[in-house]
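Below: the structure, in structure tokens.
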Protein chains: 2
Amino acid sequence: MKLDERHLIQLAAVVKTGGVTEGAALLGLAQPAVSRTLSMLEKRIGEPLFIKGRRPLQPTPLGLSLAEHGLVMLATSRKASDLVESFRVGKSGVVRIGGTPFFMDALIAQLCAEFQASHPDVRIDQSYGYFPDLRAALKADQIDLAICPIDILDEGSGLEFQQILPGRNVVACRVTHPLLLKRRPQPSHLLDYPWIAPPPGSPLLADLRALLLSFGATEIKIRYTGGSLMSVINYLKSADALTVMPHSVVFAQRKEKTITALPITIPHPERALAILKRIDAPRAPAVDQFAEFVRLGFQDLRHLIKRHEESVIWGV
Amino acid sequence: MKLDERHLIQLAAVVKTGGVTEGAALLGLAQPAVSRTLSMLEKRIGEPLFIKGRRPLQPTPLGLSLAEHGLVMLATSRKASDLVESFRVGKSGVVRIGGTPFFMDALIAQLCAEFQASHPDVRIDQSYGYFPDLRAALKADQIDLAICPIDILDEGSGLEFQQILPGRNVVACRVTHPLLLKRRPQPSHLLDYPWIAPPPGSPLLADLRALLLSFGATEIKIRYTGGSLMSVINYLKSADALTVMPHSVVFAQRKEKTITALPITIPHPERALAILKRIDAPRAPAVDQFAEFVRLGFQDLRHLIKRHEESVIWGV
DNA sequence: CTAGCTTCATAACGATCTGTTATATTGAAT
DNA sequence: ATTCAATATAACAGATCGTTATGAAGCTAG
């Protein structure tokens, strides 16, 4: 006996409210529709669902049991509707983001947490990579957003990118680093200390090479490499080493008072931190909400970072 | 956003099986029907449910979540169908029986247990009463079956009754009763012992009065009354008292070896144990199954009881 | 016990939806 | 590139839904 799910729901509404009229009202239907459904159900099942000729309508045991199942369906249906609704306004769903390790660790993870304060049912899947991988992942629909530095000249093919922070590198060291004691540290001093290399493949690594060579280094003394941001910071904490970092990453650590930037201006790359999306494929609303959240978050940060940059690096 | 439950089920079937064609087959539908449903759903929801241009079909997060809800509905629907099916063959439901206390306690309760060995999902609601109450309860649809002794002449108005055991009373006593030692106990001896009266309102009570008066008692020595069958038996166990009982009730206690019947023939009432049903109103299949089970059970018992009666009462 | 009110059942009808078969399109594998 | 399998689309007949209008049936109050 195949039963129409809609019929069970109507039965449930009637049993729940105790009357055909009220049950119909609960579902937003006219009374005769529900009445007919019940008659049809009884005829098709061949068993009475209600005790005839009693006026507070009283279900038979079978009617009651079936109504319970209908109630499950009603609830499930409601939940499904709610799910769709919340998905459409970006309150549920999955956001798959990829980005360069330092930015993700230093800035984005925290933003994710803040985002979910208002979007608790949105799951965020994070992965790491650099621009070429991230672009490929975007195009293969493995991620929805990429957050990474890109060369400003780059024109995405099928990709939309919003710049959220200008590229600006600094030399990072621990707050007790001896170079910080000098009134005017010279670039040549930088070669006196061991260096930490950013992860292989990162734009930072290229920046570091260019920087050191421009300062007259013949060979580059790399003492440590391969670590994630936390490794690098923990290493920096324990030695007078130096490394190149995006200023925003150092900025994000300012509260910890463990690392800071040397007041030495170094050439900033022709690069900017950006959010990349596919322009063609449809994105889940939650993805757009998250992208917007990140954009606004950085908008707020931008002038803070700027001021910090001026005070720390140029000692304003 | 109101979603049709049927659509969710179809979505669930497709996601579960991994293909539109197979999903349709699972539901016994043609492929285009399901395909159209999915298109319609996506259009109405405004979000993709499947990642386009990928084969094997891969659901989006939203599609997956909705499919889970659909799966709940599918399962619930199946359960509802099974429930109806089992109800129709009498394998589930409720049977409300009423009957005279002694019969219910001594014979029917055990039959209920045996019945449920093959019908575990049938609930049995038992209540007590005598013929007038039971007939009223039947007509008011408070019980489905009555099991009680009725006068053979009685013609049920709107009630069907099947005789399942001829009425036959015996004098019951404990197995150590002194009267059992006599070769041929005389009716007059019965007056030498205290009597237990059956519950007020029971036919047995009338039988007892008639019996004792017919044996020449001027007044009836009632020592104990008002107890249920267990009370009566426990009383009998502890005293040389006597009482009148249906023979079948004494028979049911034979294994306990605590009470037995005196080998004295007493007039048997023009009455028979019967099952009463409404003839007009529809009965749940489980009710008919149970009634048939009881009838067959007594059919098996009948000759056993007969033989027991002959051997115990007439000492054959 | 009747009057009146409320609730349920039935009828008729238009609109929608369902499921079907036939056919075109598309993705994937060889 | 070709071929095969799976999905999407089209067209159509029938079922079903929900509606309004109306009749029947219980409860309740006087």
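Protein chains get the first letters and strands the later ones, always in sequence-line order, with residue 1 at the start of each.
Summarising the geometry, the separation between CD1 on A:I9 and P on D:dT16 is reported as 18 Å, rounded to the nearest angstrom. When rounded to the nearest whole Å, the span between CG of A:L29 and P of D:dT20 equals 11 Å. At whole-Å resolution of the value, CG in B:L57 and P in C:dT26 are 16 Å apart. The distance between atom CG of B:D4 and atom P of D:dC17, rounded to the nearest whole Å, is 10 Å. One interatomic measurement links the two molecules: CE of A:M40 to P of D:dA15, which rounds to 12 Å at whole-angstrom precision. For A:K2 and D:dT16, the NZ to P distance is 12 Å, given to the nearest whole Å. Atom CG of A:L38 and atom P of D:dG18 are 12 Å apart (whole Å). Separating the NZ atom of A:K43 from the C1' atom of D:dA15 is a distance of 14 Å, rounded to the nearest angstrom.
In summary, the side chains of B:S77 and A:E5 do present a donor paired with an acceptor at a separation below 3.5 Å, with no hydrogens or angles considered. Of the N and O atoms on the side chains of A:Q10 and A:T37, at least one donor lies less than 3.5 Å from an acceptor on the other residue.
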Discussion item. Test side-chain contact (heavy atoms from CB on, under 4.5 Å) on B:I97 and B:C112; report intermediate values, then the result.
Written reply: CA-CA 10 Å; B:I97 58 176; B:C112 289; 3.9 Å; yes
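Checking D:dT7, C:dG19, D:dT16 against the side-chain heavy atoms of B:R36 singles out C:dG19 as nearest. Distances were taken from every side-chain heavy atom of B:H7 (C-beta onward) to each of C:dT18, D:dT9, D:dT20; the shortest belongs to C:dT18. When distances run from any side-chain atom of A:R6 to the nucleotides D:dA10, D:dT19, D:dG18, the shortest one goes to D:dG18. Comparing D:dC17, C:dT18, D:dT19 against the side chain of A:A33 picks out D:dT19 as the nearest.
Counting any heavy atom pair closer than 4.0 Å across all strands shown, A:T21 reaches sugar-phosphate atoms only and no base atom. Residue A:T37 is classed as having no contact, given no heavy-atom separation below 4.0 Å to the nucleic acid. Note on A:Q10: only backbone sugar-phosphate atoms sit closer than 4.0 angstrom, heavy atoms only; bases stay farther off.
A close approach under 4.0 Å does not occur between any side-chain nitrogen or oxygen of B:S35 and OP1 or OP2 of D:dT7.
Residue B:Q31 places no side-chain atom within donor-acceptor reach of the base of D:dA6, judged by atom type and a 3.5 Å distance cut-off alone.
Nearest-nucleotide positions on DNA chain C place B:R44 closer to the 5' end than the other of B:V34 and B:R44.
For CZ of B:R78, the number of neighbouring non-hydrogen atoms (other residues, nucleotides, ligands) closer than 6.0 Å is 12 at most.
Of the candidates A:D105, A:D133, A:T100, A:D105 is the only one forming a side chain to side chain donor-acceptor pair (under 3.5 Å) with A:Y128.
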